[in-house]
Number of protein chains: 2
Amino acid sequence: MVMRIDDLARQPGEWLRGTGPDNDIVMSSRIRLARNLAGRPFLTVASHKVRAELEVQIRGALDQVNLGAARMYVSLKEASAVDRQFLMERHLISRDLLNAEGDRGVAIAKEETVAIMVNEEDHLRLQVLRSGLQLHEAWKEIDRIDDELSTRLPMAFHAQFGYLTACPTNAGTGMRISVLLHLPALVMTRQIDKVFQALSRISFSVRGLYGEGTQATGNFYQISNQATLGKSEQKLIDDLSNVVPEIVKFERHCREKLANEQKTALEDRVMRACGTLRYARTISSEETMELLSAIRLGSHLSLLPDIAPRTINELFISTQPGHLQKHEGRPLSPQERDLARAGFIRGKLSEKLKNSP
Amino acid sequence: MVMRIDDLARQPGEWLRGTGPDNDIVMSSRIRLARNLAGRPFLTVASHKVRAELEVQIRGALDQVNLGAARMYVSLKEASAVDRQFLMERHLISRDLLNAEGDRGVAIAKEETVAIMVNEEDHLRLQVLRSGLQLHEAWKEIDRIDDELSTRLPMAFHAQFGYLTACPTNAGTGMRISVLLHLPALVMTRQIDKVFQALSRISFSVRGLYGEGTQATGNFYQISNQATLGKSEQKLIDDLSNVVPEIVKFERHCREKLANEQKTALEDRVMRACGTLRYARTISSEETMELLSAIRLGSHLSLLPDIAPRTINELFISTQPGHLQKHEGRPLSPQERDLARAGFIRGKLSEKLKNSP
């Protein structure tokens with residue numbers, strides 16, 4: 001089966017369905033490995049010719065790796081700006097791969113749980129992305145793919161430094177693990193700073209929905225390891241797997257506290273957000289994220305039985321600029337996007353769709 | 001038929017039905033006459049005994065005046081605080097009559113179009129209140145009642161100064177005429193100051209929904225004459241009757257301009273107001289007025305076909321504190337009122353009631 005980007009637009013992948021463990025708080029778990037081919041220059045110094053050769057060589061190896069039937073390869077050199085934006089919003093390519101020039105691409109497979117970027121900052125960036133808290137499962141999968149690829153491609157590895165990467169901050173394991181958490185109650189009760197401090201002590205960093213330099217809109221926080229060197233992959237996964245349940249517990253505690261002690265204010269906030277999303281005629285991305293955050297919380301507190309949690313999860317991503325333009329089938333000005341966004345949301349949250357899946 | 005305050009609570013009077021001419025902009029027309037009995041002291045210096053005698057004498061005369069079958073007299077000395085607040089919000093008694101002490105009351109008749117206050121600032125305050133622009137009709141009615149009363153009560157009248165009143169600012173005609181206008185488009189397009197200036201030049205003053213000293217919440221403006229001396233009743237009525245259509249024309253022009261040039265922003269504002277009113281769980285009186293103002297505008301621009309204009313008119317009054325407490329049948333704290341208000345509005349604006357009258 002040949003998959004295309006339009007198929008992704010029609011059918012959200014596994015992580016957006018939000019079915020994984022602790023999905024009321026853990027939106028997704030992600031592991032990414034940076035790899036480079038031995039004997040080939042880093043991309044920072046590679047010529048166009050080398051870059052083209054690398055893509056061909058790596059695609060050849062990828063074709064032989066078991067990634068299931070429903071897989072696709074997108075050449076980003078050929079992809080439209082809207083498609084590239086779409087893939088970035090879907091967390092299938094990085095901002096670096098979007099903005100880079102020349103031959104580069106991404107292999108996408110297994111309902112978007114697997115994405116392998118070619119010619120990003122490193123020759124290869126392997127990613128496994130799962131809904132809910134599934135770091136161990138993600139590790140098992142990415143380790144298998146890494147092993148299979150390593151039998152077909154000679155990876156640059158140094159006995160002392162581990163995997164060699166274009167930027168030294170990624171050397172060693174070449175691994176970045178992260179979880180995307182939805183923490184509205186910790187924000188509302190002003191406890192979120194405590195979480196930041198605790199994470200910083202064990203060398204995990206906190207970022208927004210779209211990684212480095214992005215704002216934590218919609219009360220989404222991406223927690224990931226800072227160092228790739230000095231800790232084994234298993235140790236990193238164990239550390240994050242141990243700390244996330246603590247944060248989940250803390251967020252759940254604050255949600256209960258809010259539901260008990262500020263019931264009316266909470267319900268009012270959730271229902272007003274619902275009213276605005278169902279009625280607005282034009283709405284910015286920022287306001288959308290804030291309001292969706294409120295109704296996501298309300299949904300998990302059973303305040304909105306007529307809206308499926310999956311619908312809310314999908315809206316966070318499908319109301320982003322690239323997704324909207326993909327949906328409308330043409331580039332849109334910011335004003336047009338705000339109109340299209342409001343219309344799209346009204347359609348998805350229409351009261352007529354009550355109790356639809 | 002004996003009417004009671006509870007009957008008024010169940011069935012809003014003529015002016016709230018909003019059926020009068022130019023009712024998209026002119027909420028109501030009102031004329032009030034101040035009268036005192038000759039040979040009796042003004043209330044500022046009247047003893048409790050005199051006050052009591054006055055009420056008995058005036059009620060006796062009122063009983064003989066033709067005010068139709070469905071009439072009532074409310075003794076405000078005996079009325080509860082909630083009932084007094086209710087009558088004030090309904091524009092059937094003044095704030096002065098609400099706050100005064102001792103024997104006093106109000107006769108209410110003809111679907112609330114007639115209200116005759118006894119022992120307010122003056123011995124008698126006659127009021128005729130009609131929906132839409134009906135100053136001439138209101139004058140005809142109040143003049144007839146005044147004539148009938150004058151044959152039964154000796155009114156204090158001076159050949160040079162006209163009717164004598166407790167406060168000299170009311171002497172002469174003793175008449176205050178006013179129209180209550182809804183001017184959201186003039187506010188949105190920042191043209192409202194022009195109206196104020198023009199009115200001030202012809203000696204008309206502008207106040208809020210509940211008269212002197214009240215804010216113009218909900219974009220409602222009450223326009224009334226400043227002087228009661230030096231102009232005949234007919235001249236005052238003619239002056240206001242001539243200026244109001246000009247303001248109406250200006251407001252309609254601005255509404256059209258908004259609808260044409262800022263269609264999306266206007267629709268967005270109206271629909272968001274609708275969404276918030278339909279979903280909020282707690283809401284203040286001030287926010288309610290602002291949002292109702294937006295949906296009243298939207299309704300008259302045919303943006304909200306599923307909400308009857310009458311429903312919106314009634315909500316302005318029925319969401320006031322006294323009305324809410326009357327509806328709930330008990331005194332409510334401000335917090336309880338905000339909850340009750342939100343619930344009441346949701347009930348009235350429920351989408352299930354689509355196209356109901």
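Just so it is clear: chains get the letters A, B, ... in the order the sequence lines come, proteins before strands, and each one is counted from 1. Below, each value reflects all heavy atoms present in this structure, side chains not excepted, and no hydrogens, waters or symmetry copies. As the structure is a prediction and not an experimental result, all values here were calculated from the model.
Along residues 256-269 of chain B, the residues that come nearer than 4.5 angstrom to chain A, judged on non-hydrogen atoms, are B:Thr264, B:Glu267, B:Asp268 in order of number. At a heavy-atom separation below 4.5 angstrom, chain B is approached by no residue within residues 184-198 of chain A.
Applying the salt bridge (charged side-chain N to carboxylate O under 4.0 Å, His left out) rule to B:Arg281 yields no partners; only residues at least two apart in sequence or on another chain are considered. Scored by the side-chain contact (heavy atoms from CB on, under 4.5 Å) test, B:Ser302 finds no partners at all (sequence neighbours excluded).
Across B:Thr276 and A:Arg272, no two heavy atoms sit closer than the pair CG2-NH1, 3.5 Å. Heavy atoms only, all atoms of each residue included: B:Cys274 and A:Tyr279 are closest at SG-CE2, 3.8 Å.
Heavy atoms closer than 4.5 Å to chain A are found in both the backbone and the side chain of B:Ile283.
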